[in-house]
Structure formats: C-alpha cells, structure tokens
Amino acid sequence: EDMLEDTYPGLTAIERKQTVAYAAMISAVAAEVAMVEVANADDAETVKNIFQARIDYMAGDGNGPGGAWYPEAMDTWESQSRVVSSGNYVMMVVNGSCDSIVSDFKALF
C-alpha cells in the first residue's frame, strides 16, 4: 500500500476489489502496468485521472526533467502510454507494445 500511495497518490483512498501494479525498478526503463478493479463504478474516472497524472509526471512538462529523468524514457512515457477502462476496470500501460496490450485488455470485455 505504501508503494501504491507513493507511485499513484490517492489510489489507496479508493475502495478497490483488485489491484495489480508492475514497474521497472530503475527509471531508465520505461515499462509499467497497473490495473485496478474499483468497487464503485463512479471511482473509475478518478483512477483514470490518477494514472494519467503518473504518466504526466514521468514524461515531464518540457521545462524540466520528468520523473523518468532520461530523455528516451520520458519519450516512452509520453508517446507509448495509455490509460483505458471498461466498467469498473482501469488499466495504465507504458510499453512499446502498449496498443497491442490495450487491444488485449479490451478483448476481455
């Protein structure tokens, strides 16, 4: 729970049925997947916003380094990341194959 709150501020305040998060242990590797099943459908949009805030922070704002720090990693966070949802399920993925992963996610519903 501490890692979740540090990485995705606000997520631990949301009632979740399931949570899975995988991240590289170094910022030079831009690869991360997080999936949440919320207990209340109204919270799905909040989780999407939390995940998008993570992407925005890691990519940086153009005025200084993002949390990913390295230019190639920041570019991956900006251009190869997606946040998607279906009902009570929300997923954030950062990966060179993000569109394929999103397609696989959507096929589950």
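In this text the structure is predicted, and so the values were computed from the model without any measurement.
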side-chain contact (heavy atoms from CB on, under 4.5 Å), that's the test. Do Y89 and Q18 meet it? Break it down for me. CA-CA 9 Å; Y89 297 88; Q18 301 181 71; 4.3 Å; yes
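Pairs engaging residues 34-57 under the ring pair (Phe, Tyr, Trp, His ring centres under 6.0 Å) rule: Y8-F51 [sequence neighbours left out]. Sorted by first and then second residue, the salt bridge (charged side-chain N to carboxylate O under 4.0 Å, His left out) pairs with a member in residues 12-22 read E1-R16; sequence neighbours excluded. Residue pairs meeting the salt bridge (charged side-chain N to carboxylate O under 4.0 Å, His left out) criterion with at least one partner in residues 39-51, sequence neighbours excluded, are E45-K48.
Note on V29: it does not cluster hydrophobically with M3, by side-chain heavy-atom contacts below 4.5 Å among ILVMFWY residues.
Y22 belongs to a hydrophobic cluster whose remaining members, ordered by chain and number, are V20; membership requires side-chain heavy atoms of ILVMFWY residues under 4.5 Å apart, directly or through intermediates.
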List, one per line, each side-chain donor-acceptor pair under 3.5 Å for residues 90-109, sequence neighbours excluded.
| from | atom 1 | to | atom 2 | distance (Å) |
| --- | --- | --- | --- | --- |
| N95 | OD1 | S97 | N | 2.6 |
| D99 | OD1 | R82 | NE | 2.9 |
| D99 | OD1 | R82 | NH2 | 3.1 |
| D99 | OD2 | R82 | NH2 | 3.3 |
| S103 | OG | D99 | O | 3.1 |

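Nearest heavy-atom pair across I50 and G10 is CD1-C, 3.7 Å. Residues A21 and L4 approach most closely at CB-CD2, 4.1 Å, considering heavy atoms. Residues M74 and A59 come closest through the heavy atom pair CB-O, 3.6 Å.
Residues V36 and V38 meet the side-chain proximity criterion, which asks for heavy atoms closer than 4.5 Å.
In this structure, the separation between CG on L11 and OG1 on T19 is 6.0 Å, given to the nearest 0.5 Å.
Remark: E32 pairs with R54 by the salt bridge (charged side-chain N to carboxylate O under 4.0 Å, His left out) rule, at least two apart or across chains. Residues that satisfy the side chain to side chain contact (heavy atoms under 4.5 Å, CB included) test with A73, not counting sequence neighbours, are A30, A68, Y70. Judged as a side chain to side chain donor-acceptor pair (under 3.5 Å), and not counting sequence neighbours, Q80 has no contacts. Judged as a side chain to side chain donor-acceptor pair (under 3.5 Å), and not counting sequence neighbours, the contacts of D56 are Q52.
Within a 6.0 Å radius of CG in D6, more than 12 heavy atoms belonging to other residues, nucleotides or ligands are found.
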